[in-house]
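Residues take their numbers from the sequence shown, with the count starting at 1. From a predicted model like this one, the values you see are computed outputs, not experimental measurements.
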Amino acid sequence: MNADSTVVLYGDANNWFASYGAWVFKLYGHDDVRLLDGGRAAWEAQGRELSPAAPTPTTGTWQAEAPNSDIRAFQSEVLAVSQGEKDGVIIDIRGPQEFAGEIGVAEGFGGEAAAKWGHIPGAVNAPWGKIVDQQADGGDGTFKDVEAIRDHYAALGVDGSKPVYVYCRIGERASHTWYALSQILGYDVKLYDGSWTEWGNSVGVPVANPTLEASGGFSGLWGGQ
């Protein structure tokens with residue numbers, strides 16, 4: 001791979017990890033990175049050719065640069081946004097039950113739940129799957145059209161007028177949303193790749209848990225002591 005190479009990534013699971021790979025390439029300075037829309041599932045659904053042969057690429061000259069802080073957020077920056085000290089909007093792309101603190105981790109994701117359940121105070125819940133034609137509903141996993149994606153986020157108060165911070169559990173699902181917002185819509189977006197695994201295991205950061213609040217388990221924000 002060279003500096004002027006076009007990198008096309010694809011994978012399974014609606015390109016979650018391909019999206020994460022695209023973010024990593026961008027993070028380290030390779031600009032021309034794209035996703036094969038829909039990943040392997042869409043390719044197969046379209047009846048395209050598959051091969052078992054392993055490629056033998058030639059060695060390129062591209063070298064990674066210093067990490068690009070314009071697309072990556074650390075906990076301290078997200079905390080500042082959450083507390084109103086820095087302008088921005090936070091998007092939690094996990095499912096509603098994870099967001100509400102009913103469960104620690106979605107079914108099928110193993111036992112890697114954080115110590116605390118809930119979400120970052122002030123975050124908007126925008127599950128990643130709302131912007132694709134989901135395979136579970138007979139779709140091929142491709143992104144919906146640009147206007148549909150823009151309208152979906154605008155209805156949630158995310159219109160590109162403020163910097164956007166996205167997170168999930170470990171960063172892979174959120175990278176899919178990062179790709180849609182930054183590479184398709186052109187918004188200013190940072191991935192908080194520490195995501196809920198870091199936040200929910202940290203001491204002293206605020207946690208909103210509507211489920212516990214509704215049950216009278218505690219009042220206000222769980223401070224993480």
The criterion is side-chain contact (heavy atoms from CB on, under 4.5 Å); which residues satisfy it with K26, sequence neighbours excluded?
V33, I71, W178, Q183
What side chain to side chain donor-acceptor pair (under 3.5 Å) pairs are there with at least one residue in residues 54-64, not counting sequence neighbours?
N2-T61
Hydrophobic cluster partners of L50 (side-chain heavy atoms under 4.5 Å)
V8, Y10, L36, W43
Assess whether side-chain contact (heavy atoms from CB on, under 4.5 Å) is satisfied between L79 and W199, documenting all intermediate values.
CA-CA 10 Å; L79 178 62; W199 193 280; 3.8 Å; yes
Under the salt bridge (Lys or Arg N to Asp or Glu O under 4.0 Å) test, which residues partner E102, sequence neighbours left out?
none
Check step by step if side-chain contact (heavy atoms from CB on, under 4.5 Å) holds for S195 and R169.
CA-CA 5 Å; S195 283; R169 182 177 61 99; 5.7 Å; no
Keeping S175 on the side-chain end and W16 on the backbone end, is there a donor-acceptor pair under 3.5 Å?
yes
List for me each residue that meets ring-ring contact (aromatic ring centres under 6.0 Å, His included) alongside Y153, sequence neighbours excluded, and say none if there are none.
none
What residues join I103 in its hydrophobic cluster, counting side-chain heavy atom gaps under 4.5 Å, either direct or through other members?
none
Short side-chain to backbone donor-acceptor contact, N125 and R94, under 3.5 Å:
yes
side-chain contact (heavy atoms from CB on, under 4.5 Å) with D32: which residues, sequence neighbours excluded?
T6, R34
Salt bridge (Lys or Arg N to Asp or Glu O under 4.0 Å) partners for E49, two or more places apart:
none
Tell me, do R150 and Y187 make a side-chain contact under 4.5 Å, heavy atoms counted?
yes
Checking the side chain of D37 only, and the main-chain atoms of T142 only, is there a donor and an acceptor separated by less than 3.5 Å?
no
side-chain contact (heavy atoms from CB on, under 4.5 Å) partners of E198, counting only residues at least two apart:
Q75, Y192, S202
Can you name the residues that form a side-chain contact (heavy atoms from CB on, under 4.5 Å) with D70, not counting sequence neighbours?
N68
Taking K144 for its side chain and K130 for its backbone only, find out whether a donor-acceptor pair lies under 3.5 Å.
yes
State which residue, out of I90, L185, V189, V89, fulfils the side-chain contact (heavy atoms from CB on, under 4.5 Å) condition with V158.
V89
Main-chain N/O of W128 paired to T177 side chain as donor or acceptor, under 3.5 Å
no
Over 60° means perpendicular and under 30° means parallel, so tell me whether W23 and Y20 are parallel, tilted or perpendicular.
tilted
ring-ring contact (aromatic ring centres under 6.0 Å, His included) with F143: which residues, sequence neighbours excluded?
H176
For F99, check ring-ring contact (aromatic ring centres under 6.0 Å, His included) against everything at least two apart and list the hits.
H119
Test side-chain contact (heavy atoms from CB on, under 4.5 Å) on Y165 and E77; report intermediate values, then the result.
CA-CA 9 Å; Y165 298 81; E77 184 176 0; 2.7 Å; yes
Is N201 reaching over with its side chain to a backbone N or O of A115, donor-acceptor style, under 3.5 angstrom?
yes
